[in-house]
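Quick caveat: nothing in here was measured; it's all calculated off a predicted structure.
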Amino acid sequence: MNNRTKLVTGALIAVFAAWGAFPVEGLPAYTVKRATERVVLDGILDEEDWTSASSFGDFVFPWWTAGEQEQTEAKMLWDDTFLYLAFVCRDSHIWADHYDTNSATYNDDTVELFWNPSPDTQNSYYQFEINCIGNLLSVWKNGSSPRPVIMVPHISQRIQGTVNRDSDTDSFWTLEVAIRFSDYPEIAGGKVPAPGDRWRAGLNRCGGHTNPQYSQWSPSNTATPSFHRPDDFGELLFSDEPVRKLTATGEAAREVPAVLEIRGNYPNPFNPSTVIEYTLYRSGTATLEVFNAANQQVRKLADGYHAAGDHMVVWDGKDESGRPSSSGTYIIRLRAGKREGVRKMLLVK
């Protein structure tokens, strides 16, 4: 490395360090991009901005002992007024017993946001614990002097299933939250973040009557469940980059986003079974079915919540009753919301 390169590299390091652009070693980091349109708080994450926003990634289960590890998908956006947060929580048995504000929501199916706009004061942070029906426990943790009542954020929720009925199987629940920066003066004076600002945050999920689990975006380094570990909070890096591509006039591009795709099946032709591969570009409920040439349903292979990403399922060539299907052409039909994809496959005996 020559002297000029060293000088340039050193200058860039200084700039990025001042911005807080380098994540703390060993901790996850998430880049919060700018919203390009008004976010409608309805618990339905169908805006193109939410589709374009990246996920925090799979939550981890540091204290798992037994039961299904039900995943959580979280995303963030921001503008000059609000910090937006969305959760999609896969949940087969949705439960809530706490309907009063600032009650023990953490015993229900709940997500949590612990957030600190001033990383140099690690023992001071806001604590939001919001259950599946949108009820909030809020605390301003100021070292050893918590204040239990703070300004309530805007919250909306949606449930795909039934609450407090374990006799059936639910799919998922969503939360959509908007936090107005000016409502929280205790840390950072309630000011709007600037591009390059660095916050610390913990995103967690806990509780539930059936199959209670503890999961986190940034895991706590404790032997027993504890979300109150500010040193283990991950980093939020605020970017001035819009979450979607802007046109020459500064407007967000209004392209219709892809929602689903059947990538194919292999082998094809097949006998007796085939692997079907498909992709969902946003989280939500989806159904994958097999129909015969007469458009009669033969088999339902998948039905329920799907995380965004690639999926695959095996069809063994049998119908719903377990009877082998005859040779012929069959149709794979994938549905998600109002979108549908189809593909042909051939069973040869």
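Ionic pairing of Arg34 and Glu241 is not present here: no N-O contact between side-chain nitrogen and carboxylate oxygen is shorter than 4.0 angstrom. Salt-bridge check for Arg90 with Glu73: failed, with every basic side-chain N at 4.0 Å or more from each acidic carboxylate O. Between Arg38 and Glu47 there is no salt bridge, since no side-chain N of the basic residue sits under 4.0 Å from a carboxylate O of the acidic one. Note on Asp42 versus Arg158: no salt bridge recorded, every NZ/NE/NH1/NH2 to OD/OE distance being 4.0 Å or above.
For the 3.5 Å distance criterion, the side chains of Arg205 and Thr72 qualify, holding a donor opposite an acceptor. Neither side chain, Gln69 nor Gln71, offers a donor N or O lying under 3.5 Å from an acceptor on the other.
Between Ile130 atom CD1 and Leu85 atom CG the span is 7.5 Å, to the nearest 0.5 Å. Note: Asn292 CG to Ser326 OG = 8.0 Å, rounded to the nearest 0.5 Å. Rounded to the nearest 0.5 Å, atoms CD1 (Ile262) and CE (Met345) are 9.0 Å apart. With rounding to the nearest 0.5 Å, the separation of CG in Leu288 from CH2 in Trp315 is 11.0 Å. In this structure, Arg299 CZ and Lys318 NZ are separated by 8.5 Å, a value rounded to the nearest 0.5 Å. In this structure, CG on Asn116 lies 10.0 Å from CG on Leu236, to the nearest 0.5 angstrom.
The number of heavy-atom neighbours closer than 6.0 Å to NZ of Lys349, taken from other residues, nucleotides and ligands shown, is above 12.
Ile331 and Val298 are assigned to two separate hydrophobic clusters, defined by single-linkage of ILVMFWY side chains at heavy-atom distances under 4.5 Å. Val243 and Leu41 fall within the same hydrophobic cluster, defined by Ile, Leu, Val, Met, Phe, Trp and Tyr side-chain heavy atoms under 4.5 Å apart, directly or through other members. Under a hydrophobic clustering in which Ile, Leu, Val, Met, Phe, Trp and Tyr are joined whenever their side-chain heavy atoms come within less than 4.5 Å, directly or via other members, Trp63 and Val60 fall into different clusters. Phe172 and Leu334 fall into different hydrophobic clusters, defined by Ile, Leu, Val, Met, Phe, Trp and Tyr side-chain heavy atoms under 4.5 Å apart, directly or through other members. Under a hydrophobic clustering in which Ile, Leu, Val, Met, Phe, Trp and Tyr are joined whenever their side-chain heavy atoms come within less than 4.5 Å, directly or via other members, Tyr84 and Leu237 fall into different clusters.
Ring orientation note: the planes of Phe233 and Tyr125 are nearly perpendicular, at an angle over 60° on the 30°/60° scale.
Results of the side chain to side chain donor-acceptor pair (under 3.5 Å) test with Tyr278 over Arg263, Arg343, His306 single out His306 as the only residue that passes. Of the residues listed (Phe238, Tyr30, Trp199), the one engaging Trp78 in a ring pair (Phe, Tyr, Trp, His ring centres under 6.0 Å) is Phe238, and it is the only one. When the options Asn271, Asn265, Thr274, Thr329 are evaluated for a side-chain contact (heavy atoms from CB on, under 4.5 Å) with Leu346, the one that passes is Thr329.
The nearest pair of heavy atoms linking Ser325 to Leu347 is O-CD2, 3.5 Å. Looking at every heavy atom in both residues, Glu320 comes nearest to Lys300 through OE2-N, 2.6 Å.
The cationic group of Arg200 does not satisfy the cation-pi geometry with Trp115, failing either the under 6.0 Å distance to the six-membered ring centre or the 45° limit from the ring axis.
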Decide salt bridge (Lys or Arg N to Asp or Glu O under 4.0 Å) for Glu340 and Arg335; before the verdict, give the C-alpha distance in whole Å, the side-chain angles of both, and the deciding distance to 0.1 Å.
-> CA-CA 4 Å; Glu340 179 179 297; Arg335 295 175 178 173; 3.1 Å; yes

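Aromatic ring centres of His98 and Tyr106 lie farther apart than the 6.0 Å criterion allows.
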